[in-house]
Amino acid sequence: MKTLKIYIFIFCICCFGNSYAKDDDPNVIIEQMIQEMIFVQKVYDLKIDAVILQIKLVDNKFNISSSTIEQKVNYLLLKERLNKQLEQLKNDNVTDISKIRYIKGLQIIKLLYEKVLSLDHHFASVRTFSEINKISNPNQYPEFTKMKDLVKEKRDKKLGFNLTSVLGTNTFASVTQTFINLFSSSSLSSEEKEKELEKIECILDFTLRMHNDLNTIYFETAYLQASNQNIKTDIETLFREFTKPISYFASLPECRNQDDWDTVNNNLETYIEKMKKAEGTKKFKMQVELEFPIDRLILFINQYNAFINEGEKFYQKFSIILNSYENEKQCESKLPIEYKKLKDDVDVAIDKFNIAYKPVEINGTKMKEILYGLNEY
């Protein structure tokens with residue numbers, strides 16, 4: 001019994017002391033879960049071994065020939081009580097392991113939801129959407145606009161032409177028209193034309209070379225944002241299925257906004273107490289109801305991991321694209337500040353995908369531990 005008390009004391013300090021440790025890494029929660037299951041299993045193994053030893057002692061006494069009939073009856077009754085106690089310990093062992101996995105599953109859902117919301121905020125505020133048009137369209141640059149106005153003012157109305165309202169917003173049509181008017185119908189001298197061209201050569205070179213690539217970043221970022229919205233919907237659905245067995249029906253956003261996690265824990269405790277008192281098919285069904293959401297959690301983690309890995313690859317691709325402009329050094333002073341900011345944003349995003357949003361490690365042994373509560377120690 002002394003050894004058992006030591007194990008329980010260590011278990012309380014090492015496990016429950018860390019159960020509510022603040023951490024934003026689901027992998028830490030998984031490690032805590034594993035350690036808690038190991039300690040619980042060891043504690044129950046000691047209790048079960050102690051009862052099995054008592055049963056063996058009772059058997060030995062029962063088999064002693066000098067025992068009276070009354071003593072033998074008492075031994076049988078005692079053995080029956082011990083067997084019931086043994087069965088109860090085994091059931092409680094399974095229940096406590098399930099409880100740990102369920103609580104840690106909730107903690108993982110809570111952490112992953114915060115990461116998904118953070119990603120949602122990232123995609124909503126990223127400069128890509130508002131600034132791609134600025135840096136990929138020469139019509140957004142004051143220098144180019146001034147030259148267009150100058151050419152329009154100096155053009156020969158008989159030879160020059162104006163674009164329609166639709167084509168006027170088209171990057172390539174606008175640049176083409178400006179060049180035609182500049183060199184074919186403008187009254188500017190050759191020296192003036194060259195001077196004006198020098199003012200915008202870097203802008204035109206950058207926008208015409210990078211236009212398609214920058215739009216690729218725009219549309220693929222939009223795709224990532226839409227994918228993240230799907231992830232957000234799926235984790236909210238997972239929480240609803242996770243908490244349905246314990247009769248908690250508020251949504252994940254409601255639970256988060258109201259900080260209602262204590263109610264979830266109270267509902268779980270009530271459910272556990274009912275399950276311990278249940279028997280037969282009802283007990284088994286309640287056990288399955290508690291275990292089944294863990295399978296869904298694994299599916300979601302795999303989905304989340306795939307999205308994070310995909311997102312990191314997309315942003316690495318964006319980094320290559322943004323650093324591919326071959327005249328960057330020559331035109332550095334002429335390039336828009338939004339270009340550098342966009343490159344910085346992409347670098348920050350790559351770091352976040354590697355650190356803040358990194359995948360959850362659930363391969364091999366850890367997968368078995370989460371799914372089935374199996375431990376190797």
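Owing to the predicted nature of the structure, the values given are computational and were not obtained by experimental measurement.
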Taking the side chain as everything from C-beta on, heavy atoms only, tell me whether [X] gets closer than 4.5 Å to [Y].
X	Y	value
I350	Q316	yes
H122	Y357	yes
N327	F206	no

Going by salt bridge (Lys or Arg N to Asp or Glu O under 4.0 Å), name the residues that satisfy it together with E114, two or more places apart in sequence or in a different chain. R256

With a distance cut-off below 6.0 Å to the six-membered ring centre and an angular limit of 45° from the axis, does K47 pair with Y44 as a cation-pi contact? yes

Would the distance check show the side chain of [X] and the main-chain N or O of [Y] forming a donor-acceptor pair, the cut-off being under 3.5 Å?
X	Y	result
K72	F62	yes
S324	I321	yes
N63	D59	yes

Could you name each residue pair satisfying disulfide bond (SG atoms under 2.5 Å apart) that touches residues 77-124, not counting sequence neighbours? none

What residue pairs, at least two apart or across chains, pass disulfide bond (SG atoms under 2.5 Å apart) with a residue in residues 27-74? none

Result for side-chain hydrogen bond (donor to acceptor under 3.5 Å, both in side chains) between Y248 and one of N265, T243, D260 points to D260

Only one of E269, E291, E36, E273 passes salt bridge (Lys or Arg N to Asp or Glu O under 4.0 Å) with K99, and that residue is E269

Just say parallel, tilted or perpendicular for the rings of F318 and F314, cut-offs at 30° and 60°. tilted

If Ile, Leu, Val, Met, Phe, Trp and Tyr residues are connected whenever their side-chain heavy atoms lie under 4.5 Å apart, and connections chain through other members, are L299 and F292 in the same group? no

